[in-house]
There are 2 protein chains.
Amino acid sequence: MKTLRPTSFDVAERAGVSQSTVSRALRGSPGVNAETRARVSAAAREMGYVVDRHASSLRLKSSETIALVTVCRPGEDRSAINPFYFALLGSIAAATSARGFNLLVSFQESSDNFRADFVASGLADAMIVIGTTSNRAAWEYFAQAQRSGLDFVCWGSPGDPFHWMRSDNGTGGALAADHFVASGRRRIAFIGPQRSPQRQFDERREGFTDALAKHGMAPIIVEPPAATDRHAQGVAAVAELLAAHPDTDAIFAASDMLALGVLQGLKDAGRRVPEDVALIGFDGIRAGTLADPALTSVEPDLDAAGEALVAMALEDDAFTRSGTRIPVYLATRGTA
Amino acid sequence: MKTLRPTSFDVAERAGVSQSTVSRALRGSPGVNAETRARVSAAAREMGYVVDRHASSLRLKSSETIALVTVCRPGEDRSAINPFYFALLGSIAAATSARGFNLLVSFQESSDNFRADFVASGLADAMIVIGTTSNRAAWEYFAQAQRSGLDFVCWGSPGDPFHWMRSDNGTGGALAADHFVASGRRRIAFIGPQRSPQRQFDERREGFTDALAKHGMAPIIVEPPAATDRHAQGVAAVAELLAAHPDTDAIFAASDMLALGVLQGLKDAGRRVPEDVALIGFDGIRAGTLADPALTSVEPDLDAAGEALVAMALEDDAFTRSGTRIPVYLATRGTA
DNA sequence: CTGAAAGCGCTTACAG
DNA sequence: CTGAAAGCGCTTACAG
């Protein structure tokens with residue numbers, strides 16, 4: 001697959017200049033004669049010359065590359081990864097590419113493939129970590145790496161030892177609450193993990209609860225039972241909820257995957273959505289728009305998230321690197 | 001974010017050996033005294049030394065990196081990318097990582113960000129291209145790059161000018177046909193693009209049609225009308241189909257996104273699935289398992305696909321690099 | 001088994 | 001404005 005690539009010396013010979021002039025001309029350095037520059041560019045083009053990034057990065061001590069680690073559940077196959085993280089990966093890729101940077105990606109799930117040496121090896125200038133919070137071993141690994149001096153930025157980390165960025169979860173919860181109240185719902189429930197290391201779920205619940213409190217209401221809180229994944233948890237949780245509170249008329253689920261399970265469970269129980277029970281999720285994943293009825297969801301601005309994560313990762317000032325909030329909005333579709 | 005990293009000279013000093021010995025010891029070169037090797041490793045560990053990949057790759061003329069380009073629809077936002085490609089990206093990442101290689105990803109949609117210089121710049125050893133066939137400009141760009149001598153491998157390319165790999169589409173179509181016949185369906189339709197540059201759809205239709213022919217049957221063929229995306233096409237196509245052939249009792253859709261639209265259209269028309277109409281899709285995307293009822297689908301073995309794409313991309317023998325087929329199987333869920 | 005040295009292909013301070 | 005030269009941090013053929 002390899003062919004001997006031309007070097008800047010080859011281009012220099014063809015253009016009749018020195019190698020250093022080739023480098024200057026191609027980098028756009030000031031103080032290169034326009035005619036010379038044109039001649040060099042032409043020679044480079046004719047020869048299919050491309051600057052060697054390893055040589056260049058070695059010299060420059062910068063690779064213009066971001067490393068993105070996505071933490072997975074052990075044993076989970078790739079198509080089962082929460083689509084929210086794929087969408088976030090896509091928006092990070094867009095932000096990276098807009099800066100002319102490259103994106104190195106790595107899916108990690110167990111000590112077999114834990115790796116955090118992207119910056120140390122010079123491969124990347126900064127690292128971003130996203131993915132499931134449920135993989136304790138992975139986050140412990142990154143916490144350890146951070147204690148050893150590694151710096152990185154992450155989305156929705158467990159606890160707060162990292163530089164993190166999250167959705168504006170409190171506002172999102174309030175948006176859901178206000179929408180339910182405004183549409184006349186009165187027997188309102190929240191389904192979501194209470195003891196998750198991920199603060200995001202707590203924030204969503206608190207924003208929701210506080211907003212309801214302003215209307216003199218309080219939600220029924222349901223902890224989803226253990227199950228293989230969020231969708232299965234949603235199915236099981238709604239069965240429990242309806243058994244205890246059959247007159248529930250609105251449910252806010254802490255994530256879309258959970259909400260999709262809740263929707264399934266509601267249909268299984270013969271409830272009409274949204275006539276009998278209104279439902280709002282969180283994340284804005286694509287699968288929600290394909291559900292029947294389409295899922296109403298609190299959605300973060302993913303483009304903003306990708307851009308902010310990249311900017312934060314590249315930022316030198318550690319002080320500005322924590323606690324950033326990404327704006328959210330309510331995308332009203334069929335379920336509420 | 002950067003701190004001065006130690007070099008092999010620093011490690012050498014600490015271990016009391018020469019720099020070349022450090023390099024040999026850490027690379028696992030033969031003929032290094034075990035005691036020396038241990039001392040060097042210890043020094044490296046204590047200093048947090050990691051080999052500089054740019055220096056190493058420059059010297060070795062190999063980066064142990066695969067570049068993966070995902071072609072997108074212009075203007076499409078990242079969360080709207082067909083999840084099949086994200087899943088394929090994930091399995092390519094797994095295959096890459098299993099070899100100790102890195103994965104560089106790039107989403108490309110228009111001449112603003114077309115790029116094919118990953119191998120030429122030394123950044124990657126090989127390139128893989130996946131993504132939508134509908135972006136003509138992108139594929140024309142890569143076809144042009146190939147004419148200029150660039151070598152790469154792709155999934156489901158338009159036409160056959162590339163080294164490609166695909167699902168075993170013909171067998172997949174036959175699997176769907178046999179399943180319909182075995183379950184007593186008689187008024188059978190195929191919904192899928194007829195004039196797509198992507199041969200995959202033709203292969204699925206042909207495999208389906210040929211298998212039905214063995215039972216003396218022929219499918220109704222429906223070309224989906226133009227629409228914003230595959231899902232919308234599916235909704236519109238099924239409306240057309242039912243208008244012309246109200247007694248249709250089985251539909252094979254050329255892809256899962258299309259099938260999900262068909263499912264929606266079927267429900268809108270008041271048909272029960274699978275009682276009135278059975279439905280089979282193709283791809284095995286996650287959203288299909290979340291549909292109600294869950295979508296029966298012909299699924300390629302994605303792990304095999306990722307592994308084969310990476311192996312093919314790294315393979316030097318161009319002769320073995322085309323026409324590989326990935327095995328498929330029928331995942332029977334709720335819709336058929 | 002280990003060290004001194006060349007060289008991978010660039011960028012840029014230093015001369016001219 | 002342009003060239004000769006040093007040096008980024010490695011790997012490995014060459015001596016010893």
Side-chain angles (χ1 to χ4, degrees), chain A residues 2-41 43-44 47-65 117-125, chain B residues 2-41 43-44 47-65 117-125:
Chain A
K2 291 153 203 146
T3 73
L4 352 344
R5 307 191 279 111
T7 70
S8 52
F9 285 91
D10 300 323
V11 177
E13 188 175 354
R14 176 158 190 145
V17 296
S18 73
Q19 182 272 337
S20 26
T21 297
V22 170
S23 179
R24 286 197 198 91
L26 264 23
R27 291 209 94 214
S29 303
V32 175
N33 183 304
E35 192 272 328
T36 306
R37 192 187 298 273
R39 198 146 35 90
V40 169
S41 300
M47 307 177 76
Y49 170 76
V50 178
V51 173
D52 183 297
R53 280 307 299 254
H54 295 301
S56 159
S57 294
L58 175 60
R59 200 42 246 254
L60 259 16
K61 287 170 164 297
S62 148
S63 56
E64 307 212 309
T65 298
D117 62 355
F118 302 101
V119 174
S121 67
L123 261 181
D125 296 333
Chain B
K2 291 152 203 146
T3 73
L4 353 341
R5 307 192 278 110
T7 71
S8 51
F9 284 91
D10 301 322
V11 177
E13 187 173 356
R14 177 159 190 145
V17 295
S18 73
Q19 182 271 337
S20 24
T21 296
V22 170
S23 180
R24 286 198 198 90
L26 263 23
R27 291 209 95 212
S29 304
V32 175
N33 183 303
E35 192 274 326
T36 307
R37 191 187 299 273
R39 198 147 36 90
V40 170
S41 300
M47 306 177 76
Y49 170 76
V50 177
V51 173
D52 184 297
R53 281 306 299 254
H54 295 301
S56 158
S57 294
L58 176 59
R59 200 41 246 253
L60 260 17
K61 287 172 163 295
S62 149
S63 56
E64 307 212 308
T65 298
D117 62 354
F118 302 101
V119 174
S121 67
L123 261 181
D125 297 333

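Residue numbers begin at 1 in each chain, while the letters A, B, ... track the order of the sequences. In this text, all values refer to a predicted model and were calculated from it rather than measured experimentally.
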What nucleotide, of [options], holds the atom closest to the side chain of [X]?
| X | options | answer |
| --- | --- | --- |
| A:Thr21 | C:dA4, D:dT2, D:dG9 | D:dT2 |
| A:Ser56 | D:dT11, C:dT11, D:dG3 | C:dT11 |
| B:Thr7 | C:dA5, C:dG9, D:dG9 | D:dG9 |
| A:Tyr49 | C:dC8, D:dG9, C:dC10 | C:dC10 |
| B:Asn33 | D:dA4, C:dG9, C:dT2 | C:dT2 |

Integer-rounded Å distance: [N] [atom2] and [X] [atom1]:
| X | N | atom1 | atom2 | value |
| --- | --- | --- | --- | --- |
| B:His54 | D:dG7 | NE2 | C1' | 16 Å |
| A:Arg39 | D:dC1 | CZ | C1' | 12 Å |
| B:Arg59 | D:dG9 | CZ | P | 16 Å |
| A:Leu58 | C:dT11 | CG | P | 11 Å |
| B:Gln19 | C:dG3 | CD | C1' | 10 Å |
| A:Glu64 | C:dT11 | CD | C1' | 14 Å |
| B:Arg5 | D:dG9 | CZ | P | 8 Å |
| B:Phe9 | C:dG3 | CZ | C1' | 11 Å |

Within the pair [X] and [N], is there a side-chain N or O less than 4.0 Å away from OP1 or OP2?
| X | N | value |
| --- | --- | --- |
| A:Ser8 | C:dG9 | no |
| B:Lys61 | D:dT11 | no |
| A:Thr36 | D:dT2 | yes |
| B:Arg53 | D:dC10 | no |

Do A:Ser41 and A:Leu26 touch side chain to side chain, with heavy atoms closer than 4.5 Å?
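A side-chain contact exists here, since the closest heavy-atom pair is under 4.5 Å.
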
Identify the heavy atoms of B:Arg14 and B:Ala43 that sit nearest to each other, and give their distance.
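The pair with the smallest heavy-atom distance is CG-CB, 3.8 Å.
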
Which atom names give the shortest non-hydrogen contact between A:Ala25 and A:Arg37, and what distance separates them?
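Of all heavy-atom pairs spanning A:Ala25 and A:Arg37, the closest is O-NH1, 3.0 Å.
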
Just wondering, are more than 12 heavy atoms of other shown residues or ligands nearer than 6.0 Å to CD in A:Gln19?
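It does: A:Gln19 CD has more than 12 such atoms within range.
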
D:dG3 pairs with which nucleotide, Watson-Crick or G-U wobble, both distances below 3.5 Å?
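Partner of D:dG3: C:dC14.
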
A:Val50 or B:Arg37: which one's nearest nucleotide on DNA chain C is closer to the 5' end?
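So the residue in question is B:Arg37.
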
Starting at the 5' end of DNA chain C, which residue's closest nucleotide do you reach first, A:Ser23 or B:Ser18?
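Closest to the 5' end, via its nearest nucleotide, is B:Ser18.
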
Among B:Asn33, B:Val32, B:Val17, which one satisfies side chain to side chain contact (heavy atoms under 4.5 Å, CB included) with B:Val40?
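Result: among B:Asn33, B:Val32, B:Val17, B:Val17 is the only option passing the side chain to side chain contact (heavy atoms under 4.5 Å, CB included) with B:Val40.
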
DNA chain D: 5'-proximal contact among B:Ser29 and B:Asp52 (nearest heavy atom):
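Comparing both residues, the 5'-ward one is B:Asp52.
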
Counting distance only, does the side-chain N/O of B:Arg5 pair as donor-acceptor with the main-chain N or O of A:Ala120 below 3.5 Å?
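Such a contact is found between B:Arg5 side chain and A:Ala120 backbone.
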
State whether the distance check finds a donor on one side and an acceptor on the other, under 3.5 Å, for side chain A:Arg24 versus base D:dG3.
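Side chain to base: pair present.
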
Between C:dG16 and C:dT12, how many Å separate the two C1' atoms, rounded to a whole number?
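16 Å, rounded to whole Å.
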
Checking all strands, does B:Leu60 fall into the base, sugar-phosphate, or nothing category for heavy-atom contacts under 4.0 angstrom?
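Sugar-phosphate only.
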
